[in-house]
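Numbering starts at 1 and runs along the sequence shown.
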Amino acid sequence: MKNKPQYFFWLLPFLVLSITITDAYGQQVRGGFYRNFNAVRNDKEDVLLIGRNRLMLDAGSDFSNGQFFLSVQALNTYSDSLTNLSANIREAYIDLYYDNFDIRIGKQIIALGRTQGAFITDVITPLDLSEFLTQPVDVIQTGIPAIKFTRYFGSNYLEAVFSPVTASNIFASPDNVWFPFRQFENTSVAFAGNTVNNTSPLPQGLIRLALRNNLKWDLDLLAMYWAPGNPAFGKDLSLVADPIIPVPTLSLDARYLRRPILAYSGNYIINDRLIIKSESAFHFQKYFDYLPTTLQSTPVSELGIQEFIALNNEFNANSDGFLLRKPWLNSMIGIDLSLSFVQISAQVINEYIFNYDSRLLQDQYFTFETLQLRKSFFRDKFTVTAFARYNNNGRDVWVNPEFSYEVNDVVNASIGAQIFTGEEYEPYYGHFSFSDYEGLSFLFAKVTAYF
């Protein structure tokens, strides 16, 4: 479909029309939006970072004991080219309704979790991170082929999900400015296949118990056997051809690990103004990076011939790709507080590695905080939002202020900024850092029309 998107654009109106035709037994379900988004780099160059038109269409048809649902989107990224067109199917599934249970079959988005600015239990549905934060959170989730069974027990329910595939998040290519894995960029690096995106025919599953019968508690308990979408990298050393001499290069191979995960997420409602929320996931094993001591202190490109031979022998003797499996706990606690003058959401998130090995590039404790302030004016037509995340270990920051105005019932316009900054970190820093994108901070404006 993506290889010849122009055909999709011609077929799109007919596809939506065919889905939404009403017959004697059903009724159409239609919706969607059109959005124009423009982002300008916040530096002296004032470079247009992205200019995009997005059309999202939802359609469906009811039948006697269920419905068919389809969600498609079409993109025109005119900052690349006026004729740059792409399209994809986000969701396409059938719902079957019975007295005490439902079944959903097809490509579907399964959203879990309560954490802002991070993903703890919400690791089921792949994310499109190819353009980082130039794409709003409401459109980066992409469906995964799955069967979902939901059994109801009054207000509570039990949910089981099975997917026949393991799918990674969608990342920019290694030569793109939005490529997120930069721990090794201080040396010559080659990525196997020049990509880190992967879909494999490996089944995954989860069970979720949702407890909703207590007016104070809103609690989810989960057991998963799943591979979250962010990869680790197996590492090897090689000589890559160069016009003059071969260049010592660190070769990275993206690896995804299915693992048992036990998790929960919940809200405790103290009153109508204050909610305590928490979320936690324990991974029985997760990949973490380490490197030979020589490589940590000297970039590959600066190695002498004898040093390279010794290091190459060490890589040849290595069998684990310089990856260690360790248990890992990712947790959040936060509050939502509504005051007369502002709405506040604050969180503290901590990642902890069990059985820690001092060779690891990742820190045993990695902690960050998020804060969101929100205030509406003029009968909720004008809204000011400020969001920030601060990573304690790397002392790097992401700030997102936004001003939104509801023009009418169907049109919303907003302006804002995505700002990244932070301290320079040591070579082979083991964590994601917003300081990598400091030169890519940008201002944006978007207009969305819903229908």
Original post:
Considering all heavy atoms of both residues, which atom of Thr166 and which atom of Leu202 are nearest to each other, and what is their separation?
Top reply: OG1-O, 2.9 Å
Subject >> Test item: side-chain donor near acceptor, Thr370 and Gln116, under 3.5 Å >> reply: no
Subject >> Residue pair Leu237 / Leu311, side-chain heavy-atom distance below 4.5 Å >> reply: yes
**OP:** May I ask you to check if Arg35 and Phe37 form a cation-pi contact, with NZ or CZ under 6.0 angstrom from the six-membered ring centre and within 45° of the axis?
**Re:** no
Original post:
Is there side-chain contact between Arg151 and Asp102, with heavy atoms separated by less than 4.5 Å?
Top reply: no
Original post:
Among side-chain atoms of Asn230 and Tyr287, is any donor-acceptor pair under 3.5 angstrom?
Top reply: no
Subject >> Six-ring centre of Phe387, Arg389 cation under 6.0 angstrom, axis tolerance 45° >> reply: no
**OP:** Evaluate salt bridge (Lys or Arg N to Asp or Glu O under 4.0 Å) for Asp220 paired with Arg212, printing each intermediate quantity in order.
**Re:** CA-CA 9 Å; Asp220 290 341; Arg212 301 290 187 269; 2.8 Å; yes
Original post:
Below 4.5 Å, heavy atoms only, C-beta onward: do Thr150 and Phe101 meet side chain to side chain?
Top reply: no
Subject >> Test item: side-chain donor near acceptor, Thr115 and Lys277, under 3.5 Å >> reply: no
**OP:** Start with the C-alpha gap between Trp328 and Tyr352, add the side-chain angles, then the distance that decides, and say whether ring-ring contact (aromatic ring centres under 6.0 Å, His included) holds.
**Re:** CA-CA 6 Å; Trp328 183 64; Tyr352 177 75; over 10 Å; no
Original post:
Hey, what's the ring geometry for Phe366 with His431, parallel, tilted or perpendicular (30° and 60° as the breaks)?
Top reply: parallel
**OP:** Give a yes/no verdict on a cation-pi contact between Arg104 and Tyr93, requiring under 6.0 Å between NZ or CZ and the six-membered ring centre and an angle within 45° of the axis.
**Re:** yes
Original post:
Does one side chain, of Arg395 or Tyr390, offer a donor that lies under 3.5 Å from an acceptor on the other?
Top reply: no
Subject >> No-hydrogen, no-angle side-chain donor-acceptor test under 3.5 Å, Asp357 and Asn355 >> reply: no
**OP:** Check whether the side chains of Ser200 and Asn198 place a donor and an acceptor atom closer than 3.5 Å, and report yes or no.
**Re:** yes
Subject >> Asn330 to Phe119 - nearest heavy-atom pair and separation >> reply: ND2-O, 3.9 Å
Subject >> Donor on one side chain, acceptor on other, Asn412 and Ser404, under 3.5 Å >> reply: yes
Original post:
Going by the angle between their ring planes, with limits at 30° and 60°, are Phe442 and Trp178 parallel, tilted or perpendicular?
Top reply: perpendicular
Subject >> Short side-chain donor-acceptor distance under 3.5 Å, Asn350 and Ser331 >> reply: no
**OP:** Give a yes or no answer on whether the side chain of Asp128 reaches the backbone of Ile140 with a donor-acceptor pair at less than 3.5 Å.
**Re:** no
**OP:** Of all the heavy-atom pairs spanning Lys235 and Tyr290, show the shortest one and how long it is.
**Re:** CE-O, 3.3 Å
**OP:** Look at the aromatic rings of Phe284 and Phe282 and report parallel, tilted or perpendicular, splitting at 30° and 60°.
**Re:** perpendicular
**OP:** Please check if any side-chain donor atom of Ser81 sits under 3.5 Å from a side-chain acceptor atom of Thr83, or the reverse.
**Re:** yes
**OP:** Can you see which heavy atom on Phe179 is nearest to which on Ser173, and at what distance?
**Re:** CB-O, 3.4 Å
**OP:** Examine the side chains of Asn36 and Asn38 and answer whether a donor and an acceptor come within less than 3.5 Å of each other.
**Re:** yes
Original post:
Can you check whether Ile309's main-chain N or O pairs, donor with acceptor, with Asn313's side chain at less than 3.5 Å?
Top reply: yes
Original post:
Looking at Phe288, is Lys286 sitting on its ring face, NZ or CZ under 6.0 Å from the six-membered ring centre and within 45 degrees of the normal?
Top reply: yes
